Amino acid sequence: MSLPLIPFMLLMLLHIPNSAKAQVNPVVCRFPLGMSGGHIPDEDITASSQWSESTAAKYGRLDSEDGDGAWCPESSVEPGDLKEFLQIDLRVLHFITLVGSQGRHAGGHGNEFAQMFKIKYSRDGTRWISWRNRHGKEVLEGNANGYDIVLKDLEPPIIARFVRFIPVTDHSMNVCMRVELYGCVWLDGLVSYSAPSGQQFESEGRLIYLNDSIYDGAVGYSMIEGLGQLTDGVSGLDDFTQTHEYHVWPGYDYVGWRNETAANGYIEIMFEFDRIRNFTTMKVHCNNMFTKGVKIFREVQCYFRSEANDWESNSISASLVLDDANPSARFVTVLLHNRMASAIKCQYHFADTWMMFSEITFQSDAAMYNNSGGPLEAPGAPTTYDPTLKVDDSNTRILIGCLVAIIFILVAIIVIILWRQFWQKMLEKASRRMLDDELTVSLSLPSESSMFNHNHNRSSSPSEQESNSTYDRIFPLGPDYQEPSRLIRKLPEFATEEEEAGCSGVGKAGQLSGPDGVPHYAEADVVNLQGVTGSNTYSVPAITMDLLSGKDVAVEEFPRKLLTFKEKLGEGQFGEVHLCEVEGMAEFLGKEFTMDISSSNQPALVAVKMLRADANKNARNDFLKEIKIMSRLKDPNIIRLLAVCINDDPLCMITEYMENGDLNQFLTRHGPAGELTLAMPTVSHVDLKFMVAQIASGMKYLSSLNFVHRDLATRNCLVGKNYTIKIADFGMSRNLYSGDYYRIQGRAVLPIRWMSWESILLGKFTTASDVWAFGVTLWEMFTFCREQPYSQMSDEQVIENTGEFFRDQGRQIYLPQPTICPDAIYKLMLSCWRRETKDRPVFHEIHCILQESPIGE
């Protein structure tokens, strides 16, 4: 969070209402979504037109003076002309509660602004909805000058992925806009609900309107394909004739139905979601004012549907334990027992004359909530209401005290940040003097307020919160820095180069020499370490890419109907990786390629990288580029691209998958010889040497093409029959290994425990940095993957340790020698971790060493 936003967020906290908690609180859900902070990429900001390149849509960011200072349409805006718009794609559904607008100032050179504007939004990019306030007004007041920021609450809030700002004017004028959206991610995944329209309740001679007044779908006798008050985050009061909102009619917070008008004694509501989800609970906020004939439902029956299939016959039915002594409104929790579906249809049975709902929320996948503060109900328990959700107005003093404490904590954090920035500047000056070639060192580290992933076991998941800022300098050692003396390793004295160079073709310091005798390493500029499908992508220098670009893709189209999906291995921002079975692949490939299957009658396992249909143009181009690169890799120890499905969406590439899975899990299961491993065969030293040599051979092939892998680890090596090893690249996309990656918001996820110091500090990825990762992979194998590299150190300490490699003052920490690791192998590891890239062996030499020397020497 940037410092100017802290008072704004404190103001939001001071206005938190004392109401029962829904899935999302519209008063707290007011975070900037990335226009001003830059987290929304330029390609996701589009417009109907632009006056010039310097006033393109990407310059329409609030509080930014880039370009000519704002987005400006091509021509002036006329009264009643709504054709000009600035559009933002948030990639996923968001709950949007606030918008900000600003004109063009450009340091005093501009004074164009929109006096008024409208908001249109869409959840799928095809059906656009005009925002209206609770009284039906569409136009929002805009700006009066080119520099002031105007914030406008969206009452009611909207749920959308796409948002358009449409300037409005009452006379012809030039307009320019800078905008921001505020809200949070819509974790429910609900895109629409359909239900009977709400009805009127007559009480003491007056009408109470219980209709869904903000529903944005089609409204008639029924409400179809929209969202409204049941998802606005506001829970109704105990007395349904009262409301949270000012200047609205009685009954506004509730949607209600009368028993007499319902067929079969129940109300049916159908919910559509953005994808197939694993549902755990449904929470329904109900009124229970039984003195007026209103009660919570007595029974609910829910049916489930996946994609376009029919409704499943095995529904879930739950009866409610009613409480006729408490008239309070409440949340009713219905257990859905991890049912998989993209649509749910629920029938709520009346317990009295009226039934009224104000909120319905769902918990699915990782989006688990427990609003009561107590334990979640165990599966199989009866459905119950939660009376602890009743408001206690006496908590105001406690809330104020907590806010005062938060203010003091924030002040302390600011002081610490300023103090550390001072020392960072001092250290930066010192480190520049150490650089003979005037290199610019860039170390990305989270700020004080960031959360770090301190879980180092394989089963741990990364922290949900990520860094919002980075420092472009070396981070000083913190007071909690630990320096386990048993881990500090000095590099041993190595043999002379004549004794080391036992392989032909290896020059000085173990490097492959070019025609002029100058050592050569492939180097690549890395923009984004994570590929389209969440996997790592090979980095290819420009000269190599030019050679590839002139060739056609040497793989054929495969009938996708022959693929049988078994499980999802992982996913990324635009794609997924699936494990599939396929029949007929051997015949499809011909005799030139042998599949890794036990018998000819057994279906072959393959990995299918699939690009989502909603991926943007850049993602599609990257995916096709990856296909072109993969099609050129043909080596016994590299995973082969077998076929593609690119004639229609979703685009797929089909690669090999080995029957024993990845090397990390394989070694964990089998363990070292002599160790009890549940009667599984153990892996001997000879087997380990065979596997290590194959990894070196595969990397020798990649380096000969000047390809940089960038994520070499046991999780990215697959094991076949007879300990066959093939190097793959989709370990990053698997949730199982999410704890191996350090996440920085808006940037790539980084496998820092396998990365060389120059890759972390300088962003420099070469075949020499792959050699460093090979040394860590060796260490993993000789520990049989029983622990993570540097498991005693936090992510922050691992990054600080790379600073020690850079300073080279003898304080750097090396991975210790594994118990069963021979001295010769550990010596090879240490040579891979030499500070200078020119002093590290190349893969050609490593492969020769592993072939010529016994593993135990």
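These numbers were taken from a predicted model, which means no experiment stands behind them. For this chain, numbers begin at 1 and follow the sequence in order.
- A donor-acceptor pair is defined here as one N or O able to donate and one able to accept, closer than 3.5 Å; such a pair exists between the side chain of R835 and the backbone of F805.
- Annotation for Q792 and Q797: closest pair O-OE1, 4.2 Å, computed over non-hydrogen atoms.
- The backbone N or O of R710 sits less than 3.5 Å from a side-chain atom of D770, completing a donor-acceptor pair.
- Judged by distance alone, the side chain of S697 and the main-chain N or O of A693 form no donor-acceptor pair under 3.5 Å.
- Of the charged side-chain nitrogens involved, at least one lies within less than 4.0 Å of a carboxylate oxygen, so that D795 and R753 count as a salt-bridged pair.
- Heavy-atom minimum distance, N660 versus G720: ND2-O, 2.9 Å.
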Check your understanding: Hey, mind stepping through I627 and F623 against side chain to side chain contact (heavy atoms under 4.5 Å, CB included) and telling me if it holds?
Key -> CA-CA 6 Å; I627 290 177; F623 192 81; 3.9 Å; yes
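- The shortest heavy-atom contact between V608 and C652 is CG1-CB, 3.9 Å.
- Partners of K566 by salt bridge (Lys or Arg N to Asp or Glu O under 4.0 Å), not counting sequence neighbours: none found.
- Looking at E626, its side chain never comes within 3.5 Å of a backbone N or O of M630 through a donor-acceptor pair.
- Partners of Y701 by ring-ring contact (aromatic ring centres under 6.0 Å, His included), not counting sequence neighbours: none found.
- In this structure, the side chains of P751 and R715 come closer than 4.5 Å at one or more pairs of heavy atoms.
- At least one donor-acceptor pair under 3.5 Å links the side chain of H709 to the backbone N or O of A728.
- Between L850 and L828, the shortest heavy-atom distance links the atoms CD2-CD2, 4.0 Å.
- The side-chain contact (heavy atoms from CB on, under 4.5 Å) test with W757 is passed by exactly one of L762, I799, D808: L762.
- By the 4.0 Å N-to-carboxylate-O rule, E804 lies close enough to R811 to be salt-bridged with it.
- Once rounded to the nearest 0.5 Å, the distance linking SG of C821 with CG of L815 reads 11.0 Å.
- Here the side chains of V692 and L778 are in contact, with some heavy-atom distance below 4.5 Å.
- Scanning all heavy atoms of the two residues, the minimum distance from D635 to R640 falls at N-CD, 4.4 Å.
- Under the side chain to side chain donor-acceptor pair (under 3.5 Å) criterion, S769 pairs with no residue at all, not counting sequence neighbours.
- With 3.5 Å as the limit, one finds a donor-acceptor pair spanning the side chains of Y741 and D711.
- Between W772 and V776, some side-chain heavy-atom pair lies under the 4.5 Å cut-off.
- Side-chain atoms of S759 come within 3.5 Å of backbone N or O of K764 as a donor-acceptor pair.
- The line from CG of L633 to CG of L641 is 9.0 Å long, rounded to the nearest 0.5 Å.
- Smallest separation of non-hydrogen atoms from G803 and L761: CA-CD1, 4.2 Å.
- Between I638 and L702 the shortest side-chain heavy-atom distance falls below 4.5 Å.
- For the side chain to side chain contact (heavy atoms under 4.5 Å, CB included) test, residues two or more places apart in sequence or in another chain that qualify with D687 are V683, S684, Y723.
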Exercise for review: Go through the steps to decide whether Y826 and F782 satisfy the test side chain to side chain contact (heavy atoms under 4.5 Å, CB included), and finish with yes or no.
Suggested key: CA-CA 10 Å; Y826 187 58; F782 279 88; over 6 Å; no
Go through the steps for W779 and E787 under the test side chain to side chain contact (heavy atoms under 4.5 Å, CB included), then give the verdict. CA-CA 10 Å; W779 183 88; E787 63 176 301; 3.8 Å; yes
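- With sequence neighbours excluded, the residues that form a side chain to side chain contact (heavy atoms under 4.5 Å, CB included) with A643 are F558, F588, I654.
- Here the SG atom belonging to C717 is positioned 9.0 Å from the CE atom belonging to M699, to the nearest 0.5 angstrom.
- With values rounded to the nearest 0.5 angstrom, Q788 atom CD is found 11.5 Å from Y737 atom OH.
- Contact of the H685 side chain with the I820 side chain is registered, since non-hydrogen atoms from C-beta on lie closer than 4.5 Å.
- The line from CD of Q812 to OG1 of T802 is 11.0 Å long, rounded to the nearest 0.5 Å.
- Screening L712, I846, T714 for a side-chain contact (heavy atoms from CB on, under 4.5 Å) with I695, the sole residue that qualifies is L712.
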Before giving the answer on side chain to side chain donor-acceptor pair (under 3.5 Å), spell out for E758 and S756 the whole-Å C-alpha distance, their side-chain angles and the decisive distance to 0.1 Å. CA-CA 5 Å; E758 72 271 9; S756 65; 3.0 Å; yes
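- Checked by atom type and distance alone, the side chain of R840 pairs as donor or acceptor with a backbone atom of R834 at under 3.5 Å.
- Taking CG of L663 as the start and NZ of K726 as the end, the distance is 15.0 Å to the nearest 0.5 Å.
- Every residue two or more places apart in sequence or in another chain that forms a side chain to side chain donor-acceptor pair (under 3.5 Å) with Q694 is listed here: N637.
- At least one side-chain heavy atom of L688 sits less than 4.5 Å from a side-chain heavy atom of M691.
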Self-check item: side chain to side chain contact (heavy atoms under 4.5 Å, CB included) assessment of E780 paired with W754
Solution: CA-CA 10 Å; E780 283 189 280; W754 284 259; 2.9 Å; yes
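- Relative ring orientation between F843 and F774 is described as perpendicular, the plane-to-plane angle rising above 60° on a 0-90° scale split at 30° and 60°.
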